[in-house]
Structures are given as C-alpha cells and as structure tokens.
J.: 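The following block contains the structure, expressed as structure tokens.
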Amino acid sequence: MFEDRTAAALRLVERLKAYKGQNPLILAIPRGAVPMSRIIADKLNGELDVVLVRKLRAPGNPEFAIGAMDESGWVYLAEHAAQSGATPEYIETEKTAQLELLRARRRFYTPVRPPIDPHDRIVIVVDDGLATGATMIAALHTVRNRQPRKLICAVPVAPAGTLVAIRPLADEMICLETPVPFYSVGQFYHAFPQVEDEEVIAALAATS
C-alpha cells in the first residue's frame with residue numbers, strides 16, 4: 001500500500017497542505033514517525049518536535065499494547081488490559097519501566113532545549129500507523145492539556161475501529177487508508193525498517 005515511510009509522508013502532506021505557511025508544530029511519536037514528520041514539517045514550513053509516549057506492553061506479548069503513558073506519568077489503560085492477564089502489580093511495574101525510558105529518551109533526544117510549547121499552535125500529531133491506538137490516545141491527551149489552537153491527528157493507516165476511539169480526541173482526523181483485514185502497521189509498507197535513535201536525533205537537529 002505504501003512503498004515506505006517517505007511515500008506515506010508525502011501523501012499526508014497533500015492532505016495537510018492547507019496548513020502550509022501557518023507555522024504548524026509537527027509532533028512525531030518516536031521512533032518510526034520522526035523521519036516522516038521531518039518531511040511533513042519541511043514541506044509545510046513548520047517546526048518539528050517529538051511527543052514522548054510509550055505503550056504499556058501486555059504480559060508475555062510485548063508487541064501488544066494494553067495502554068500507554070506520557071512523560072508526566074498519565075496513563076491510559078485499554079478495556080482489554082485485564083483480559084490480557086495484566087494484574088495491578090504488573091501494570092505498576094510496567095509503568096515504572098516505561099516512565100524511566102521516556103525520561104531517558106527526552107534527555108537523549110533534546111538535551112539542549114526544552115520541548116516546543118504547543119500552546120495556541122496548530123499541532124499535527126503524526127505516527128506511521130495505528131493498531132490499538134493506545135499511544136496516539138496518550139499523545140493527544142498530553143498535547144490537549146497544553147491548549148493548542150487546533151489539534152490534528154495524521155496517520156497513513158489504521159483500523160476503522162481504532163479511529164472511532166481516536167476521532168473525538170482531535171479536532172481533525174486524517175487517515176489515508178483503513179484496510180481490512182488489519183494485523184499490524186508494517187504489513188502495509190513494502191519497506192518498514194526500524195528507525196534508530198540516531199535518525200531521530202538527526203531529524204530533530206534542524207529544529208534545535
């Protein structure tokens with residue numbers, strides 16, 4: 001469906017071109033969305049930063065999200081969390097682990113500046129795709145608390161059911177494709193390599 005993340009980003013730019021020249025703030029969910037968001041920010045003459053959120057991993061199945069959290073420690077738990085076998089003790093341990101990782105990433109990614117303030121800005125939150133939507137829910141929640149002028153969620157691909165949960169949290173929802181069946185984000189890219197921390201730092205460097 002998409003050749004790679006670059007191709008997906010360029011298609012998103014077409015849907016977002018109304019915001020060109022309005023100095024939008026493009027907030028990428030690391031790591032996969034950061035190179036995409038660099039392209040979007042450049043094409044729209046906007047600024048790039050990251051919104052740091054982490055999924056809470058299901059017991060025995062680290063790829064499956066039972067929720068997510070942001071840098072402040074705010075936690076979203078999905079309805080299926082208990083069904084996954086996640087006990088309150090397990091969730092507390094997982095929260096501690098992910099919060100430590102979030103703080104380490106912030107120190108690593110933007111060591112010489114604070115996060116860019118989204119207050120009264122047009123903010124576009126980007127990911128390379130949604131599955132459960134947990135991390136996007138956490139991202140939109142944390143940005144909304146900073147009172148942006150307009151909050152937009154932009155992704156190339158997601159299940160239709162996930163969008164139902166996401167749509168009320170944003171002022172505008174842009175999703176290019178909602179294919180069926182949907183097993184994972186990566187199945188809809190011909191090339192979907194892992195994005196390394198060095199790529200994230202390089203993409204952010206132009207904004208520092």
Side-chain angles (χ1 to χ4, degrees), residues 9 12-13 15-56 65 67-78 95-96 98-130 132-155 158 162-175 200-201 203-208:
L12 282 174
V13 166
R15 294 285 298 274
L16 293 163
K17 59 186 178 183
Y19 299 108
K20 184 174 182 178
Q22 299 188 53
N23 192 29
L25 174 59
I26 316 302
L27 292 181
I29 297 179
R31 288 179 292 194
V34 177
M36 291 178 56
S37 297
R38 176 77 272 165
I39 294 169
I40 294 169
D42 289 346
K43 294 290 186 181
L44 299 182
N45 299 330
E47 285 187 284
L48 172 68
D49 203 354
V50 287
V51 52
L52 293 185
V53 291
R54 286 286 295 176
K55 70 181 175 185
L56 301 179
M69 69 186 305
D70 67 13
E71 289 181 272
S72 74
W74 179 85
V75 172
Y76 158 73
L77 272 184
K95 283 165 54 178
T96 298
Q98 297 305 328
L99 187 57
E100 288 177 1
L101 193 149
L102 283 170
R103 289 171 175 167
R105 278 191 169 177
R106 176 59 71 186
R107 291 192 298 268
F108 194 41
Y109 289 166
T110 57
V112 296
R113 64 169 175 85
I116 298 173
D117 189 357
H119 178 72
D120 200 32
R121 297 283 300 271
I122 293 171
V123 179
I124 304 170
V125 181
V126 178
D127 206 349
D128 53 17
L130 306 179
T132 67
T135 51
M136 182 59 76
I137 288 171
L140 293 173
H141 177 273
T142 193
V143 176
R144 179 68 78 188
N145 280 348
R146 304 298 297 275
Q147 300 179 315
R149 188 188 327 156
K150 186 172 185 179
L151 181 56
I152 301 135
C153 171
V155 296
T162 295
L163 298 183
V164 172
I166 299 292
R167 192 169 280 111
L169 305 177
D171 299 313
E172 184 178 349
M173 176 81 228
I174 294 173
C175 180
V200 174
I201 293 167
L204 292 170
T207 306
S208 299

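By convention here, the first residue in the shown sequence is residue 1.
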J.: So do the side chains of R144 and L169 get within less than 4.5 Å of each other, counting heavy atoms only?
T.: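 Counting from C-beta outward, R144 and L169 never come under 4.5 Å.
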J.: Does the side chain to side chain contact (heavy atoms under 4.5 Å, CB included) test come out yes or no for K95 and L56, once each step is laid out?
T.: CA-CA 7 Å; K95 283 165 54 178; L56 301 179; 4.2 Å; yes
J.: Within a strict 4.5 Å, meaning less than it, do heavy atoms of the E172 and I174 side chains meet?
T.: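 Side-chain contact under 4.5 Å: yes.
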J.: Is the closest side-chain heavy-atom distance between M69 and W74 below 4.5 Å?
T.: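 No, side chains not in contact.
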J.: Using a strict cut-off of less than 4.0 Å between a Lys/Arg side-chain nitrogen and an Asp/Glu carboxylate oxygen, indicate whether D49 and R113 qualify as a salt bridge.
T.: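 A salt bridge links D49 with R113.
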J.: Spell out, as yes or no, whether a donor-acceptor pair under 3.5 Å connects the side chain of T142 to the backbone of A138.
T.: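 No, because the side chain of T142 does not come within donor-acceptor range (under 3.5 Å) of the backbone of A138.
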J.: What distance separates R31 CZ from Y109 OH, expressed to the nearest 0.5 Å?
T.: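 Nearest 0.5 Å value for the CZ-OH distance: 5.5 Å.
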J.: Judged by modelled atom types alone, do T110 and R106 share a side-chain donor-acceptor pair under 3.5 Å?
T.: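 Yes.
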J.: Do any N or O atoms from the side chain of Q147 and from the backbone of V143 form a donor-acceptor pair under 3.5 angstrom?
T.: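 Not a single qualifying donor-acceptor pair exists.
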J.: To the nearest 0.5 Å, what is the distance between CE (M136) and CG (L130)?
T.: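 Nearest 0.5 Å value for the CE-CG distance: 5.0 Å.
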J.: Does any non-hydrogen side-chain atom of V126 lie less than 4.5 Å from one of I26?
T.: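 They are in contact (side-chain heavy atoms under 4.5 Å apart), so the answer is yes.
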J.: For D70 and G73, indicate whether the former's side chain and the latter's backbone hold a donor-acceptor pair under 3.5 Å.
T.: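 Pair found, side chain donor or acceptor close to backbone of G73.
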J.: Given V53, which partner from the list I29, V125, L140, I137 fulfils the side-chain contact (heavy atoms from CB on, under 4.5 Å) test?
T.: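 By the side-chain contact (heavy atoms from CB on, under 4.5 Å) criterion, V53 pairs with just one of I29, V125, L140, I137: I29.
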J.: Ignoring hydrogens, what is the shortest heavy-atom contact between G67 and A134? Give both atom names and the distance.
T.: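 Scanning both residues, the minimum pair turns out to be O-CB, 3.6 Å.
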J.: How many angstroms lie between atom CD1 of I124 and atom SG of C153, to the nearest 0.5 angstrom?
T.: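 One gets 10.5 Å once the value is rounded to the nearest 0.5 Å.
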J.: Given L12 and I40, is the side chain to side chain contact (heavy atoms under 4.5 Å, CB included) satisfied, shown in steps?
T.: CA-CA 8 Å; L12 282 174; I40 294 169; 4.1 Å; yes
J.: Between P30 and R105, is there a side-chain heavy-atom distance shorter than 4.5 Å?
T.: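 In short, these two side chains touch, coming nearer than 4.5 Å.
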J.: Measuring from L25:CG to H119:NE2, what's the distance to the nearest 0.5 Å?
T.: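 It comes to 13.0 Å.
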J.: Output yes when E47 and R121 qualify as a salt bridge under the 4.0 Å nitrogen-oxygen rule, no when they do not.
T.: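 Yes, E47 and R121 are salt-bridged.
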J.: When you compare the side chain of L16 with that of I152, does any pair of heavy atoms fall below 4.5 Å?
T.: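 In short, these two side chains touch, coming nearer than 4.5 Å.
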J.: Using 4.0 Å as the upper bound for N to carboxylate O, is an ion pair formed by D120 and R149?
T.: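 D120 and R149: salt-bridged.
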J.: Using modelled atom types only, decide if a donor and an acceptor are shared between the side chain of R38 and the backbone of A203 within a distance under 3.5 Å.
T.: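 Checking the backbone N and O of A203 against the side chain of R38, a donor-acceptor pair under 3.5 Å is found.
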J.: Should M173 and V155 count as side-chain neighbours, where that means a heavy-atom distance under 4.5 Å?
T.: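 Yes, at least one pair of side-chain atoms sits under 4.5 Å.
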J.: Check whether more than 12 heavy atoms from other residues, nucleotides or ligands sit under 6.0 Å from atom NZ of K43, and answer yes or no.
T.: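 Check fails, neighbour count at 12 or below.
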J.: So how far is it from I116 CD1 to L48 CG, rounded to the nearest 0.5 Å?
T.: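 The CD1 atom of I116 sits 7.5 Å away from the CG atom of L48.
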J.: How long is the straight-line distance from CG of L99 back to CZ of R54, given to the nearest 0.5 Å?
T.: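 Here the rounded value is 11.5 Å.
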J.: Is the side chain of D171 donor-acceptor paired with the backbone N or O of L151 at a distance under 3.5 Å, no angle test?
T.: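 Answer holds: yes.
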